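Below, all heavy atoms of this structure are taken into account, side chains as well, without hydrogens, waters or symmetry copies. Please read all numbers here as calculations on a predicted model, not as lab measurements. In listed order, ligands and their atoms are each counted from 1.
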Amino acid sequence: MKFALMVPFLLLGLGLHIDVRAMPIIIKYSHVVADVTPKGQAAIKFKELAEKKLAGKVQIQVFPNSQLFGDDKEMQALLLGDVQIIAPSLSKFDQYTHQLQIFDLPFLFDNMAAVERFQASPHGQSLLTSLSTKGIYGFGYLQNGMKQLSANTPLYRPQDAKGLTFRIQSSDVLDAQFRAVGAKPKKIPFSEAYLAMKTRLVDGAENPWSNIYSQHFHEVQPYIMDSNHGVLAYMVIGNAKWWNALPPDIQKGLSEAMAESIRFGNQVAHDEEATFRSHVMAQKHVHVLPLNADQLQLWRTAMQPVWKKFEQDIGQDLIQAALQANR
Ligand code: SIN
């Protein structure tokens, strides 16, 4: 028996009484990015709000930067009950559902506003609840931003990526996306991405501005293209068994705190994306390269076959609903 679990018995043995109900419920919220990012700030806000609303009843422990679990372990840890809340990228659910792969289809969404409209639609909301049969409770969607290609060399056209190795998240769609341009994708946990770029295990990557800046990817990827070819967004999730067993007043307080913290994080994602980009641009030896409409069209065309490859798994109706959100 772990020492912490033995404490009440030891105290009883000493004739001291403790009321276990008076002890706060400890809730671990683990994620893999820096505190300054939209997800990092949302997690801190959740702690503030939940501990205020449920004073003395809950204690939220936030673990950023893969301190507790990396993205290769966090989902399993959640299902085992070793952590209660995580917020994985939507690209990391392949093992649990194919429908969330929609968020990885290249050039599907015009911008983050379209992503948010789709997530708020009945289709998007049904995806949020679809994982309950897998023991996962979906609190809500959280945004980061549009992804930008980066590399050791400029990538103006898809041919420029041919033969290069790219770090990707654990997503089969992203794997297919880079294969479509003749590149070699490599699935690497986020916490190992910087080293992979520095040691030239990979030549390139794709990330939103907040992750590029906060992980210092610009130090090891001198060329960053304004490609906006895909999105990085998250689902904040909890262990469903743990969630369903919580008392109603705790569930209510946590739900409210979570909804507010997600709204806050999404506002940060919206308001600070340009700031993160300008911080990166201000760094020495970094070239932020705009891509013109013709160049973007070449990328779009080269990556388009990926849609066909995954449309059956994802569902045509879902893809159509996502396209509607662009209007
Ligand atoms: C994250 O933002 O949570 C990490 C995304 C990645 O693995 O690239």
Item to check | Heavy-atom check, side chain of R277 versus side chain of V280, under 4.5 Å | outcome: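 No, every pair of side-chain atoms sits at 4.5 Å or beyond.
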
[X]: numbered ligand 1 atoms lying under 4.0 Å from its heavy atoms:
X	value
D71	7 (O)
Q169	5 (C), 6 (C), 7 (O), 8 (O)
V32	1 (C), 3 (O), 4 (C)
V33	1 (C), 2 (O), 3 (O)

Checklist entry - Tracing side-chain links under 4.5 Å among I, L, V, M, F, W and Y, which residues wind up in one group with F264? => result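 Besides F264, the hydrophobic cluster comprises V268, listed by chain and residue number.
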
Checklist entry - In the hydrophobic clustering (ILVMFWY, side-chain contacts below 4.5 Å, transitive), which residues join L291, or is it alone? => result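 F107, L149, L155, Y156, L164, F166, I168, L174, F178, V181, Y223, M225, L289, L296, W299, M303, all in the cluster of L291.
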
Checklist entry - Is K187 salt-bridged to D172, cutoff N-O under 4.0 Å? => result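 Salt bridge present between K187 and D172.
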
Item to check | Mutual orientation of the aromatic rings belonging to W243 and F139 [parallel < 30°, tilted 30-60°, perpendicular > 60°] | outcome: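 W243 and F139: perpendicular rings.
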
Once you restrict to heavy atoms under 4.0 Å, what part of [X] touches ligand 1? Side chain, backbone, both or neither.
X	value
L232	side chain
K92	side chain
R167	side chain

Checklist entry - Does one side chain, of Y194 or E219, offer a donor that lies under 3.5 Å from an acceptor on the other? => result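 Yes, E219 and Y194 have a side-chain donor paired with an acceptor closer than 3.5 Å.
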
Item to check | Identity and distance of the protein heavy atom lying nearest atom 3 (O) of ligand 1 | outcome: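 Minimum-distance protein heavy atom for atom 3 (O) of ligand 1 reads K39 NZ, 2.7 Å.
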
Checklist entry - Of the protein's non-hydrogen atoms, which lies at the shortest distance from atom 2 (O) of ligand 1, and what is that distance? => result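 Checking every protein heavy atom, the shortest distance to atom 2 (O) of ligand 1 gives Y234 OH, 2.5 Å.
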
Checklist entry - Does an N or O from N144, backbone or side chain, lie closer than 3.5 Å to an N or O of ligand 1? => result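 No - when backbone and side-chain N and O of N144 are compared with those of ligand 1, no distance drops under 3.5 Å.
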
Next on the checklist: For D226 versus V288, what's the shortest heavy-atom pair and its separation?
Outcome noted: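 What the structure gives for the nearest pair is OD2-CG1, 3.8 Å.
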
